[in-house]
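Each remark here refers to the structure printed beneath this line.
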Amino acid sequence: MLLPRDYYLSTDVLALAPDLLGKLLVVSGENEQVSGMIVETEAYRAPEDRASHAFGNRLTPRTRTMFLEGGHAYVYVCYGIHELFNVVTGPEGIPHGILIRAIQPVRGIETMALRRNRAISNPEIGKGPGCLTQALGIERKHNALRLYDPESPVQIHDVGHRIPADQLGTSHRIGVESSGDSALLPWRYYIRKNPYVSGGIHQ
DNA sequence: AAGAGGATGAACT
DNA sequence: GTTCATCCTCTTG
């Protein structure tokens with residue numbers, strides 16, 4: 001089932017981030033559709049979250065997307081090299097978002113392995129926020145599109161996969177050490193023991 | 001107009 | 001554990 005618009009409008013981004021685990025991220029390209037199960041996420045909750053681009057309700061051409069209504073994609077370039085994919089959540093004007101950090105390939109794994117220049121069996125295909133976008137073919141051109149639109153090339157589906165409580169892991173977020181106290185918040189969520197989860201921590 | 005720095009990944013030692 | 005590729009965005013002047 002394609003996740004509906006309402007799903008993304010909750011103001012509780014800390015509940016939505018773990019709820020996205022097990023959902024299917026589907027990308028339709030020119031010739032082919034590829035997909036992967038979300039296995040790692042991070043919540044970003046501006047305005048009070050120092051680690052968020054929209055900290056203090058900072059509004060720039062880039063962060064503008066985060067202020068859109070929930071259900072839009074926020075794609076931006078990191079370190080000039082990698083494109084990172086986020087799900088905007090909450091009502092319009094509240095810049096909450098969820099960074100998708102890893103996926104487990106489901107459909108089109110051959111294509112993804114080719115794009116990543118890795119063997120089919122190599123978890124590096126979907127491990128890490130810059131890697132999964134390369135594997136799935138998510139690019140900056142997908143910024144600000146509506147994930148719940150039946151015509152959208154990027155969608156998120158509920159395929160009935162539920163994560164048992166004892167398989168849900170949490171930790172501090174990755175790569176935000178310079179964000180003061182916000183760096184300590186346990187807003188990273190992942191499926192325990194899943195080989196596609198990034199960072200050292202996946203027990 | 002110029003410069004600093006970044007929600008990373010890969011290839012090193 | 002360390003280094004660096006690479007370029008966009010934002011701030012400052």
Side-chain angles (χ1 to χ4, degrees), chain A residues 8 13-14 16-18 20-21 25 36 38-68 70 72-90 94-105 112-119 121-144 147 154 156 169-191 194-202:
Chain A
Y8 301 100
V13 67
L14 300 186
L16 283 181
L20 280 178
L21 297 174
L25 181 54
I38 296 170
V39 299
E40 181 183 356
T41 63
E42 278 177 0
Y44 285 84
R45 195 174 71 178
E48 74 272 25
D49 179 3
R50 276 196 94 82
S52 170
H53 296 156
F55 171 62
N57 281 327
R58 175 186 158 92
L59 181 61
T60 69
R62 179 177 67 157
T63 65
R64 197 178 143 72
T65 305
M66 296 196 79
F67 290 83
L68 296 175
H72 287 83
Y74 173 44
V75 183
Y76 75 96
V77 179
C78 185
Y79 293 102
I81 309 167
H82 307 103
E83 327 222 13
L84 272 51
F85 170 73
N86 301 251
V87 177
V88 177
T89 71
I94 308 288
H96 292 178
I98 300 167
L99 172 67
I100 307 302
R101 287 194 55 91
I103 57 106
Q104 174 176 329
M112 292 192 262
L114 207 59
R115 288 171 177 166
R116 293 278 305 123
N117 192 28
R118 295 288 188 283
S121 58
N122 192 334
E124 287 173 16
I125 289 176
K127 191 198 267 275
C131 295
L132 87 270
T133 53
Q134 186 185 22
L136 292 170
I138 294 175
E139 303 171 39
R140 63 196 88 178
K141 70 178 181 190
H142 294 121
N143 183 52
L147 298 166
V154 183
I156 302 178
T170 64
S171 84
H172 62 86
R173 294 171 293 178
I174 311 280
V176 298
E177 295 79 7
S178 59
S179 303
D181 292 341
S182 294
L184 305 174
L185 298 168
W187 290 356
R188 171 174 175 260
Y189 306 89
Y190 58 94
I191 298 179
N194 185 293
Y196 290 88
V197 171
S198 77
I201 322 160
H202 60 102

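We name chains A, B, ... by the order of the sequence lines, and we start the count at 1 in each one.
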Please report the distance, rounded to the nearest Å, between [atom1] in [X] and [atom2] in [N].
X	N	atom1	atom2	answer
Phe55(A)	dT9(C)	CZ	P	22 Å
Ile125(A)	dA10(B)	CD1	P	12 Å
Glu40(A)	dA7(B)	CD	P	16 Å
Arg101(A)	dT8(B)	CZ	C1'	8 Å
Asn143(A)	dC8(C)	CG	C1'	13 Å
His96(A)	dA7(B)	NE2	C1'	16 Å
Leu99(A)	dG6(B)	CG	P	16 Å
His53(A)	dG5(B)	NE2	P	16 Å

At under 4.0 Å, does any side-chain N or O of [X] touch on OP1 or OP2 of [N]?
X	N	answer
Arg118(A)	dA10(B)	yes
Arg58(A)	dT11(C)	yes
Arg116(A)	dG9(B)	no

Check every atom of [options] against the side chain of [X] and return the nucleotide holding the closest atom.
X	options	result
His82(A)	dT9(C), dC8(C), dT8(B)	dT8(B)
Tyr79(A)	dC8(C), dG6(B), dA7(B)	dG6(B)
Ile174(A)	dA10(B), dT8(B), dC8(C)	dT8(B)

> Given that both distances must come in under 3.5 Å, which nucleotide forms a Watson-Crick or G-U wobble pair with dA7(B)?
Replying inline: none
> In the strands shown, is dT6(C) matched to any nucleotide by a Watson-Crick or G-U wobble pair with both distances under 3.5 Å, and which?
Replying inline: none
>> Reading DNA chain C from 5' onward, which residue's closest nucleotide shows up sooner: Ile81(A) or Arg140(A)?
In response: Ile81(A)
>> Within the 4.5 Å heavy-atom criterion, are Glu40(A) and Pro129(A) side-chain neighbours or not?
In response: no
> With a 4.5 Å limit on heavy-atom distance, are the side chains of Leu184(A) and His172(A) in contact?
Replying inline: no
> If each of Gln134(A) and Ser178(A) is mapped to the nucleotide of DNA chain B with the nearest heavy atom, which maps nearer the 5' terminus, i.e. the 5' end?
Replying inline: Ser178(A)
Heavy atoms only, 4.0 Å cut-off, all strands: where does [X] land among base, sugar-phosphate and nothing?
X	answer
Leu84(A)	sugar-phosphate
Arg173(A)	nothing
Arg50(A)	nothing

> Regarding Ser198(A) and Arg101(A), is there a side-chain donor-to-acceptor distance under 3.5 Å anywhere?
Replying inline: yes
> Is it the case that His53(A) and Tyr44(A) place a side-chain donor and acceptor less than 3.5 Å from each other?
Replying inline: no
> Roughly how far, to the nearest 0.5 Å, is NZ of Lys127(A) from CD1 of Ile103(A)?
Replying inline: 12.5 Å
> Roughly how far apart are Leu147(A) CG and Tyr74(A) OH, rounded to 0.5 Å?
Replying inline: 14.5 Å
>> I'd like to check, for Tyr44(A), whether its ring lies over the base of dA7(B) with centroids under 5.5 Å apart and a plane angle smaller than 30°.
In response: yes
